[in-house]
Protein chains: 2
Amino acid sequence: MSKATVSFVINDRPGVSPQARRRVLEAIDQLGWQPNAGARALSTKRSQTLGLVMRRPPELLSTDPFFPQFVAGIETGLAPLGYALVLQVVPDEETERQAYERLARDGRVDGVFLTDLRTDDPRPALMTELGISALIVGPPHHGGRVPALGVDDGSGVRRAVSHLRSLGHRWIGHVCGAAGYVHTEARCDAWRGALADAGLPEIPPVAADFTGAAGAQATHRLLDLDRPPTAIVYANDLMAIAGITAATSRGLRVPEDLSVVGFDDIPLADCIAPPLTTVRQDVLTWGRIAAQALVSLTEGGKFQAAELPPVEFVVRASTAPPRT
Amino acid sequence: MSKATVSFVINDRPGVSPQARRRVLEAIDQLGWQPNAGARALSTKRSQTLGLVMRRPPELLSTDPFFPQFVAGIETGLAPLGYALVLQVVPDEETERQAYERLARDGRVDGVFLTDLRTDDPRPALMTELGISALIVGPPHHGGRVPALGVDDGSGVRRAVSHLRSLGHRWIGHVCGAAGYVHTEARCDAWRGALADAGLPEIPPVAADFTGAAGAQATHRLLDLDRPPTAIVYANDLMAIAGITAATSRGLRVPEDLSVVGFDDIPLADCIAPPLTTVRQDVLTWGRIAAQALVSLTEGGKFQAAELPPVEFVVRASTAPPRT
DNA sequence: TTGTAAGCGTTATCAA
DNA sequence: TTGATAACGCTTACAA
């Protein structure tokens with residue numbers, strides 16, 4: 001038995017006799033042998049590892065429902081393919097760049113996921129410069145040729161608007177996410193489009209940074225208007241819940257005096273009073289499909305935009321017809 | 001310049017003249033060369049990579065405040081040391097074992113973190129069998145010789161009990177975590193001890209699985225007692241918030257009729273009404289120190305129990321003196 | 001102080 | 001269909 005034969009067998013390639021194959025497999029079984037990933041990587045120049053760098057402000061880390069679910073989804077996509085995921089969480093842009101550079105230069109990863117793309121994000125260019133495959137998770141990056149895979153952010157806000165409109169609301173506020181992110185822009189655009197399509201007047205969206213404090217503050221801003229909205233759509237559940245508390249503290253009742261729609265459907269959305277009407281994305285599936293797409297990219301395959309499950313609109317008790 | 005010299009320089013080892021060192025560094029700088037992690041791993045048989053396998057029920061993934069913070073903490077400990085983290089999220093025990101075995105056999109990691117240890121957990125034995133270093137994150141495992149690093153779980157519950165007692169509560173209920181986990185046991189023991197020390201009578205703790213639904217159900221169980229408690233301490237914030245909602249739905253007011261204490265201090269704890277009194281752990285620091293400890297273990301160092309920051313007790317508005 | 005050469009555990013190339 | 005043998009990019013004796 002030569003090493004070559006064994007190599008052929010475990011990568012089940014043609015050109016080895018059935019009996020030799022059987023003997024190799026038996027021997028492997030007896031010895032409990034497993035191929036060494038590092039050595040293989042050295043030989044093939046492929047590490048069978050993908051990288052995920054998450055840049056998150058520490059105060060948002062434990063709230064963000066996206067991160068853990070997405071990671072779990074990636075895992076379900078990667079495990080059957082024998083790929084591993086190396087993960088890095090960084091606090092700022094500088095550390096973020098270093099993280100990508102190290103991952104690439106060390107040869108630790110074959111490709112990386114790019115999340116939370118910012119407008120004028122340097123990462124797509126950096127990736128082509130470093131020569132590693134990348135997949136944008138979210139709305140496509142303008143002008144770059146890095147492929148992107150994201151759910152249709154717009155459909156969620158459109159669903160929210162049409163739901164509120166059907167309840168009779170005509171004066172709807174929006175607390176959108178932090179400025180500078182591609183997905184925030186995409187959702188804001190969708191927001192304006194949805195209002196226009198529905199023939200509703202627009203209250204300028206108030207930007208907030210996804211934290212509870214910002215959500216509460218934005219809520220007060222909207223309720224302080226000369227003509228306050230009868231419903232508010234928030235960019236995430238955390239801000240929506242903080243918004244409910246803020247509204248309640250002003251003596252308003254939700255949903256009687258103010259309807260509230262969240263985004264994400266965190267497990268808590270169901271546990272508060274009133275239970276939150278919100279938009280749910282299947283982040284787990286998103287992660288799985290993203291993982292498969294990125295693997296196929298690193299293996300030289302073409303990127304094919306796979307179908308992601310559409311967002312779901314979950315109607316609970318935080319929305320009701322407006323007071324007239 | 002020979003490869004050996006270069007190798008000596010980048011690992012800054014003695015035995016190379018200052019001028020040779022300078023020339024090597026210059027060349028490295030000019031060529032933008034970086035050592036390849038895989039090749040180095042093959043040679044040294046050390047991957048400079050640590051593994052974290054998280055077994056989590058999918059429905060808890062996006063709520064668990066521990067996971068993302070701990071990962072971020074690990075990262076801050078690992079990055080300066082040039083180590084990477086490979087992460088795996090698995091749904092059940094079988095997949096969990098496979099994950100550890102693959103990580104070890106592939107030679108992908110030098111050591112792993114063991115979280116959420118269960119009573120009679122097979123993992124400590126598996127780790128010694130696989131011959132890879134491991135560090136238990138949480139209370140120590142009975143009888144094993146795998147080192148453990150955890151905050152004193154007891155002090156949180158003791159603080160909660162003494163806070164409630166000082167407010168005048170004498171009949172305090174407890175919704176503890178899922179049975180079968182070492183940390184649940186540890187906290188339950190601490191709970192009984194704290195009550196005994198305070199000379200308070202014990203209501204049997206109700207076990208719940210950390211979900212909001214379970215928290216609500218446990219709350220109803222306690223409030224259905226012939227003599228319901230005037231205060232309840234929960235094993236996590238999610239259950240506490242669900243508990244508040246459950247109590248409110250029965251016409252009780254929090255904190256006037258029922259005081260509530262949570263555990264974790266998730267960002268939402270501050271955004272609901274009433275803001276939640278809770279126990280905060282510095283999970284970020286915990287992760288950092290755990291990472292450093294595990295690296296030192298894999299490099300053959302002795303394990304030295306580092307000091308973790310003590311838990312903090314955060315008093316907000318969900319606790320008040322009992323009605324008399 | 002430096003260079004040479006032998007591994008590390010795979011895959012890939014070629015003769016046999 | 002097989003078995004040598006050379007990479008892959010590093011570390012580490014050991015010799016110069």
Side-chain angles (χ1 to χ4, degrees), chain A residues 1-49 81-84 101-110 130-132 295 298-300, chain B residues 1-49 81-84 86 101-110 130-132 298-300:
Chain A
M1 280 305 109
S2 82
K3 300 197 288 178
T5 312
V6 176
S7 179
F8 277 154
V9 169
I10 60 169
N11 295 315
D12 46 32
R13 276 227 267 279
V16 51
S17 70
Q19 62 236 32
R21 176 178 304 271
R22 225 203 36 239
R23 283 180 54 206
V24 169
L25 290 175
E26 268 169 16
I28 283 178
D29 211 50
Q30 269 179 32
L31 291 128
W33 175 88
Q34 292 264 128
N36 175 295
R40 172 178 287 170
L42 190 58
S43 205
T44 59
K45 295 172 156 304
R46 314 208 57 266
S47 59
Q48 304 240 100
T49 302
L81 302 173
Y83 274 68
E101 289 188 339
R102 244 197 59 201
L103 247 31
R105 293 256 170 79
D106 284 0
R108 279 199 201 260
V109 299
D110 298 332
L130 293 172
I132 72 177
V295 166
T298 63
E299 295 185 342
Chain B
M1 280 306 108
S2 80
K3 299 198 290 177
T5 312
V6 176
S7 179
F8 279 154
V9 170
I10 58 170
N11 295 315
D12 44 32
R13 276 230 265 282
V16 51
S17 70
Q19 62 236 30
R21 177 179 303 271
R22 224 202 37 238
R23 283 180 54 206
V24 168
L25 290 174
E26 270 170 13
I28 284 179
D29 210 51
Q30 268 179 33
L31 292 131
W33 175 88
Q34 292 264 127
N36 176 295
R40 172 178 286 172
L42 190 57
S43 209
T44 58
K45 295 172 156 303
R46 315 208 56 267
S47 60
Q48 304 239 98
T49 302
L81 302 173
Y83 273 69
V86 338
E101 289 188 338
R102 241 197 62 200
L103 248 30
R105 293 257 168 76
D106 284 0
R108 278 197 201 261
V109 300
D110 298 331
L130 292 172
I132 71 177
T298 63
E299 295 185 342

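What you see is a predicted model, and the numbers here were worked out from it, not measured in a lab. Chain A is the first sequence line, chain B the second, and so forth, proteins listed ahead of strands; every chain is numbered from 1. As a basis for the values below, the full set of heavy atoms in this structure was taken, side chains included, without hydrogen atoms, waters or symmetry mates.
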### Message
If you compare all heavy atoms of A:Asp110 against all heavy atoms of A:Thr298, which two are closest, and at what distance to 0.1 Å?
### Response
O-CG2, 3.5 Å
## Note on the structure
Closest heavy-atom pair, B:Ser47 versus B:Gly107, reported as atoms and distance to 0.1 Å, is CB-O, 3.8 Å
### Task
Check A:Tyr83 against A:Glu299 and note the closest heavy-atom contact, atom names and distance.
OH-OE2, 2.8 Å
### Task
Taking all non-hydrogen atoms of both residues into account, name the closest pair between A:Arg108 and B:Thr49 and its distance.
NH1-OG1, 2.9 Å
### Message
Applying side-chain hydrogen bond (donor to acceptor under 3.5 Å, both in side chains) as the test, list every pair that has at least one member in residues 3-22 of chain A; sequence neighbours left out.
### Response
A:Ser2-A:Thr5
## Note on the structure
Its contact letters, B for base, S for sugar-phosphate only and - for none at protein heavy atoms under 4.0 Å, make nucleotides 1-10 of chain C read SBBB--BBBB
#### Entry: Touch class at under 4.0 angstrom, heavy-atom based, for B:Arg13 against every strand present
sugar-phosphate
### Message
Give me the atom names and distance for the closest heavy-atom approach of A:Pro35 to A:Ile10.
### Response
CB-CD1, 4.2 Å
### Contact boundaries on DNA chain D for chain A, cut-off under 4.0 Å to non-hydrogen atoms
D:dT1 to D:dG9
### Heavy-atom pair with the smallest gap, counting every atom of A:Ile132 and A:Val109
CD1-CG2, 4.3 Å
### Audit row: B:Asp106, A:Gln34, side chain to side chain contact (heavy atoms under 4.5 Å, CB included) steps and yes/no
CA-CA 7 Å; B:Asp106 284 0; A:Gln34 292 264 128; 4.0 Å; yes
